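Before any comments, here is the structure.
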Amino acid sequence: MKCIGVLTSGGDAPGMNPAVRAVVRTALSKGIKVMGINRGYFGLINGDIEELTRTSVSDIIHKGGTILKTARCLEFKQEEVRKKAVNILKVFGIDGLVVIGGDGSFQGAKLLSDLGVATVGLPGTIDNDLAYTDYTIGFYTAVNTVLDAINKIRDTSSSHERVSIIEVMGRHCGDIALYAGIAGGAEQIIVPEKDYDLGEICKSIIEGRNSGKTHHMIILAEGVGGANELAKEIENLTGISSRATILGHIQRGGSPVTFDRILGARMGAHAIDTLMEGRSARVVGIKNNKIFDMDITEALQDVESDFDDDLYELAKILC
Ligand code: ADP
Ligand code: F6P
């Protein structure tokens, strides 16, 4: 392995920059040249590639987003397009590829490895929707951002004695809602993995009000959706003023928290070791604080099946 490429793909996530930095500096420390591929698979098929040095990744550890830019490139689902990507990698002398992204980006990496490219995936997504790993890079920063919003909305909600519904990202996964809901002391957490009963929610709002509660915070995962409609229904059924806030892309930005910086650093370094030891079609993960790599196909079979029921039950007790 003399030269590796690195790209970020799919939705950006805070911590991608520390991961890119670790990939670059670990590779250089082992005498491997690094090429940065801009704009994900779109940049790859268009040869948007340049060499990265130690200083290319200076002053980025604290920055959200990704210096390599990211893109969604639907053409990459076509085999002819992926074959073109393989040729471009050959032209640039790249003999191993690190892909930082979510499950879609991993599908692309797996298909590239079927064409003979040595690939390693790092889980970079705020959604935490990859079941093979305890955490993805970016998840904890997004949870912190949501928590900050919950704290602020709680202030105004209490002053107005309102019900507040806060819709958070996560695609089909309820982890951002679950973790931020517990940390923010939400009264209800609504996630796609679990059914909910509107009657029960309204009952608990009225009981809370009767016991002197001045606010009622509901964290709603986007996979369930419908925050505005839910606010209207609750207002109609309880007679208590209700407001919805859809947090949106603010959750994807911001300086990565410590956990995401360390995770990006450890996973980035592990990706280089994996390639140097001759393993391909792998993804890097963390379980019980140990970094590991595993087969990408097996990891993808595991997607979206790891909701933490114990934590969800704990949330119900603590609310
Ligand atoms: P994420 O990686 O965050 O899940 P996407 O699902 O949007 O984000 O996927 C990112 C990119 O990965 C896509 O734009 C496409 O280039 C590539 N990709 C996704 N699914 C596939 C697939 N089935 N085959 C080949 N490439 C894919
Ligand atoms: O996968 C990350 C994510 O932020 C999801 O939580 C969300 O559903 C989606 O990306 C939004 O995508 P876009 O930035 O294309 O609107």
Side-chain angles (χ1 to χ4, degrees), residues 6-16 19 37-46 48 64-66 68-86 88 97-115 117 119-133 135-143 145-146 149 166-180 191-192 219-227 246-254 260 281 283-284 296-297 299-304:
V6 56
L7 62 80
T8 50
S9 166
D12 64 345
M16 281 182 163
I37 299 161
N38 295 315
R39 300 178 178 83
Y41 295 123
F42 179 78
L44 174 56
I45 59 179
N46 289 295
D48 186 357
T66 160
L68 293 177
K69 307 274 187 261
T70 186
R72 292 198 162 105
C73 171
L74 295 181
E75 308 97 282
F76 209 69
K77 295 189 178 174
Q78 299 162 28
E79 190 166 9
E80 319 83 82
V81 175
R82 291 195 299 276
K83 284 186 174 156
K84 185 178 166 200
V86 175
I88 300 229
L97 183 65
V98 179
V99 171
I100 308 173
D103 60 320
S105 305
F106 284 3
Q107 293 283 0
K110 190 232 164 276
L111 293 169
L112 263 186
S113 73
D114 291 345
L115 297 174
V117 179
T119 57
V120 178
L122 301 189
T125 167
I126 64 166
D127 298 337
N128 209 35
D129 59 350
L130 293 161
Y132 80 90
T133 180
Y135 298 110
T136 56
I137 299 166
F139 170 65
Y140 261 109
T141 305
V143 169
T145 303
V146 173
I166 304 175
E167 186 176 310
V168 303
M169 281 187 168
R171 279 191 206 244
H172 309 296
C173 178
D175 279 13
I176 295 179
L178 178 62
Y179 279 65
V191 292
I219 313 303
L220 172 72
E222 70 172 351
V224 179
I246 299 173
L247 290 182
H249 286 83
I250 193 170
Q251 295 163 90
R252 287 241 295 268
D260 285 326
V283 286
V284 178
I296 195 166
T297 307
L300 283 169
Q301 277 160 4
D302 225 2
V303 165
E304 289 175 24

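These numbers come from the heavy atoms of this one structure, side chains and all, not from hydrogens, waters or symmetry mates. This is a predicted model, so every value here is computed, not measured. When a ligand or atom number is given, it counts from 1 through the structure's own listing order.
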Counting heavy atoms under 4.0 Å, the part of R72 that contacts ligand 2 is side chain
Exercise for the section: Might you confirm whether atom CD1 of I250 has over 12 heavy atoms from other residues, nucleotides or ligands at distances under 6.0 Å? Expected result: no
Is the backbone of V284 close enough, under 3.5 Å, to the side chain of Y132 for a donor and an acceptor to pair up by distance? yes
| message | Strictly distance-based, threshold 3.5 Å: is any side-chain N or O of E222 a donor or acceptor partner for the main-chain N or O of R171? | response | yes
From the list T125, I126, T145, side chain to side chain contact (heavy atoms under 4.5 Å, CB included) partner of M169 resolves to I126
* Asked: Do any N or O atoms from the side chain of T70 and from the backbone of G11 form a donor-acceptor pair under 3.5 angstrom?
  -> no
The atoms of ligand 2 lying under 4.0 Å from a heavy atom of E222, numbered in the order shown, are 5 (C), 6 (O), 7 (C), 8 (O)
The salt bridge (charged side-chain N to carboxylate O under 4.0 Å, His left out) partners of R252 (sequence neighbours excluded) come to D12
Near ligand 1 (heavy atom, under 4.0 angstrom), the protein residues are S9, G10, G11, Y41, R72, C73, F76, K77, G102, D103, G104, S105, Q107, G108, L111
Residue, atom and distance of the protein heavy atom nearest atom 10 (O) of ligand 2 read R252 NH1, 3.1 Å
Note to self: In terms of relative ring orientation, are F139 and Y179 parallel, tilted or perpendicular, with 30° and 60° separating the classes?
What the structure shows: perpendicular
Is there a donor-acceptor pair under 3.5 Å between the side chain of K110 and the backbone N or O of I296?
no
The option among H172, H249, M169 carrying the non-hydrogen atom nearest to atom 16 (O) of ligand 2 is H249
(message) Between Y135 and D260 (side chain of the first, backbone of the second, donor and acceptor by atom type, cut-off under 3.5 Å), is there such a pair?
(response) no
Taking only non-hydrogen atoms of G170 and a 4.0 Å limit, the atoms of ligand 2 in range are 6 (O)
If you scan protein heavy atoms around atom 2 (C) of ligand 2, the nearest is D127 OD2, 3.3 Å
